[in-house]
Amino acid sequence: MKKVICLGGGITSLIAAITLKRRHKDYLITVIEKDNECLKRIKISGNGRCNFTNKNISSIHYSNGEYINHILSFFNKEKDEFYKSIGLLYYYDDEGRGYPLSDSSRSVWTLIMDEAKRLGVNIVYDEIRHIEYHPNIILKGNNIYQTDYLILGLGGQSYLYKRDNYALLDELKIPLKEAKSSLCPIIVEEKIPAYLVGKRVKCVVNLLKNNQTVYQEQGEVLFKKDGLSGICIFNISAKINRLGKAKYIISLDLTRGLTFEDISLREKEYGKEKALTSLVNEEVKTYILSLKEDLYSILKHLSFTYKDNYPLKESQVTNGGIPLGEINLNDLSLKKYPKIYAGGELIDVDGDCGGFNIFFAFASGYFIGNKID
Ligand SMILES: Cc1cc2nc3c(=O)[nH]c(=O)nc-3n(C[C@H](O)[C@H](O)[C@H](O)COP(=O)(O)OP(=O)(O)OC[C@H]3O[C@@H](n4cnc5c(N)ncnc54)[C@H](O)[C@@H]3O)c2cc1C
C-alpha cells in the first residue's frame with residue numbers, strides 16, 4: 001500500500017488528497033496541517049462568501065500564466081463535474097466571480113472537509129519542521145512520518161505573522177523566488193489629506209508604465225492614509241509585480257463619461273466648485289480644488305506616483321515561491337525530487353482578484369491528484 005502525505009491543510013492539499021483517494025482507494029493518504037484547523041483561507045475568502053472560481057479563467061489572469069495553461073484548462077473542463085461530486089452549487093455574479101449559492105464560505109469548507117472524511121483521508125495536526133529525502137521521504141514535526149510521495153501545499157507568505165513555511169524548502173536546497181506582496185493596497189508618493197482617508201471614488205483606473213498605459217480597469221478606489229486601495233488597485237499591485245521595476249503612475253479618470261465640452265460648459269455655467277458637485281463626493285471635490293491644473297485635466301488624469309505595494313501581511317496573495325524552472329510542468333513534481341510535488345500559492349504563480357487564486361489551488365491539487373500513480 002502506497003503512502004502519500006499532503007503537507008499543509010489548505011485547498012491544494014485537500015483537493016489533491018480527495019482526487020488521489022478517489023483514484024486509489026487503497027492508498028494511505030494523510031494531510032498534515034500545522035494549525036488546529038484546515039482550509040482557514042476558504043473561511044476568510046471573498047469576505048466570508050468564498051469567491052472560489054471565475055467565469056473567465058484564462059492564463060492572462062496569472063503571473064507565469066503561459067506555463068500553467070494546461071493545468072487551468074484541465075480543471076476548467078472538469079470543474080463542474082468535480083464541484084457536483086462534492087455537492088457544491090454555485091453561481092456567477094455580473095463580473096463573472098463564482099460563489100456558492102449560499103454565499104457562505106462555511107458551505108465550501110464543510111463540503112470539502114466532509115468529502116475528505118468520507119473517503120478516509122487522514123487528517124493530522126502537527127507542524128512539520130524538517131523534510132529529508134534520501135533514501136525515503138521523512139517528515140519531522142512532533143512526530144516522524146515516512147511517505148512514498150509528498151505533495152507540498154504550504155501556501156504563500158501573505159497575511160501571515162509567522163512566515164516560516166519557506167524554511168522547509170531551504171533544507172531541500174530548492175532556490176526560492178523572493179516573496180512579494182500581491183493583491184494589496186499601494187503606497188503612493190503624494191500626501192493624502194486626512195479628510196480623504198476612508199473615502200471612495202468610482203472611476204476608470206489607468207496604470208502607466210514609463211508614461212504608456214499598460215492596464216485599465218473600471219471600479220472603485222478607496223483612499224488610505226498613505227495610498228490607494230480597492231479591487232482595481234489590488235489588481236494593479238499584481239500587474240506591477242509582473243511588469244517589473246519601472247516608473248509607474250496610477251491615473252484616475254473621474255469624468256464618468258462626460259466629455260471635455262461637457263465639463264468646460266458646466267464650469268462656464270456654474271463655476272469650478274459647482275461643476276464638481278454631484279460628479280464627485282465633497283472630499284474628492286475639496287482635493288481637486290486644491291490642485292493647480294485645469295478642471296478637465298484633473299478629472300481625466302488624477303494622478304498618483306507609485307511608491308510600493310503594501311507589505312506581505314496586508315496582501316491576499318504572494319508573488320514568488322518555488323520557481324517554475326524547478327518544477328516538471330507535466331506533473332508538478334520537483335525536478336530535484338521526483339516524488340515530491342508542489343502546487344497552489346507555494347509555487348511562483350499568482351492570479352488576479354476574482355476567484356483566480358482559489359481556482360488555481362483547486363486546479364493544481366486536482367492536476368497532481370490525477371498524475372500520481
Ligand atoms: C484575506 C484573504 C482573502 C482571500 N480571498 C480570496 C478569494 O476570495 N478568492 C481567491 O481566489 N483567493 C482568495 N485569497 C487567496 C487564496 O486564499 C489563496 O491563494 C489560497 O488559499 C492558496 O491555497 P493553498 O492551498 O496554496 O495554500 P493555503 O490555503 O494558504 O494553505 C496552506 C496551509 O499550509 C499550512 N502549513 C504551512 N506550513 C506548514 C507546516 N510547516 N506544517 C504543516 N502545515 C503547514 C498552513 O497553515 C495552511 O493551512 C484570499 C487570501 C486572503 C489572505
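Side-chain atoms are counted along with the backbone in the values below, which use heavy atoms only and exclude waters and symmetry mates. Whatever order the structure lists them in is the order used to number ligands and atoms, beginning at 1.
Residues meeting the side-chain contact (heavy atoms from CB on, under 4.5 Å) test with Ala363, sequence neighbours left out: Ile71, Phe75, Phe359.
Look at Lys55 and Asp94 and you find no salt bridge, because none of the NZ, NE, NH1 or NH2 atoms lies under 4.0 Å from a carboxylate O. By the 4.0 Å N-to-carboxylate-O rule, Glu293 lies too far from Lys300 to be salt-bridged with it. Lys199 and Glu282 are not joined by a salt bridge, as no carboxylate oxygen comes within less than 4.0 angstrom of a charged side-chain nitrogen.
In this structure, Lys239 forms a cation-pi arrangement with Tyr215, its terminal cationic atom sitting closer than 6.0 Å to the ring centre and no more than 45° off the ring axis.
Other residues, nucleotides and ligands contribute more than 12 heavy atoms inside 6.0 Å of the CG atom of Asp35.
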Dump the pairs for me: ligand 1 N or O, protein N or O, distance under 3.5 Å, to 0.1 Å.
unit_1: ligand 1; atom_1: 5 (N); unit_2: Gly46; atom_2: N; d: 3.4
unit_1: ligand 1; atom_1: 8 (O); unit_2: Gly46; atom_2: N; d: 2.8
unit_1: ligand 1; atom_1: 9 (N); unit_2: Asn51; atom_2: O; d: 2.8
unit_1: ligand 1; atom_1: 11 (O); unit_2: Gly355; atom_2: O; d: 3.4
unit_1: ligand 1; atom_1: 11 (O); unit_2: Asn357; atom_2: N; d: 3.2
unit_1: ligand 1; atom_1: 11 (O); unit_2: Ile358; atom_2: N; d: 2.7
unit_1: ligand 1; atom_1: 19 (O); unit_2: Glu345; atom_2: OE1; d: 2.6
unit_1: ligand 1; atom_1: 25 (O); unit_2: Ile11; atom_2: N; d: 3.1
unit_1: ligand 1; atom_1: 25 (O); unit_2: Thr12; atom_2: N; d: 2.9
unit_1: ligand 1; atom_1: 25 (O); unit_2: Thr12; atom_2: OG1; d: 2.8
unit_1: ligand 1; atom_1: 26 (O); unit_2: Thr12; atom_2: OG1; d: 3.2
unit_1: ligand 1; atom_1: 26 (O); unit_2: Glu345; atom_2: N; d: 2.9
unit_1: ligand 1; atom_1: 41 (N); unit_2: Ile128; atom_2: O; d: 3.0
unit_1: ligand 1; atom_1: 42 (N); unit_2: Ile128; atom_2: N; d: 3.2
unit_1: ligand 1; atom_1: 44 (N); unit_2: Lys34; atom_2: N; d: 3.0
unit_1: ligand 1; atom_1: 47 (O); unit_2: Glu33; atom_2: OE1; d: 3.4
unit_1: ligand 1; atom_1: 47 (O); unit_2: Glu33; atom_2: OE2; d: 2.7
unit_1: ligand 1; atom_1: 47 (O); unit_2: Lys40; atom_2: NZ; d: 2.9
unit_1: ligand 1; atom_1: 49 (O); unit_2: Glu33; atom_2: OE1; d: 2.6
unit_1: ligand 1; atom_1: 49 (O); unit_2: Glu33; atom_2: OE2; d: 3.4
unit_1: ligand 1; atom_1: 49 (O); unit_2: Lys40; atom_2: NZ; d: 2.9

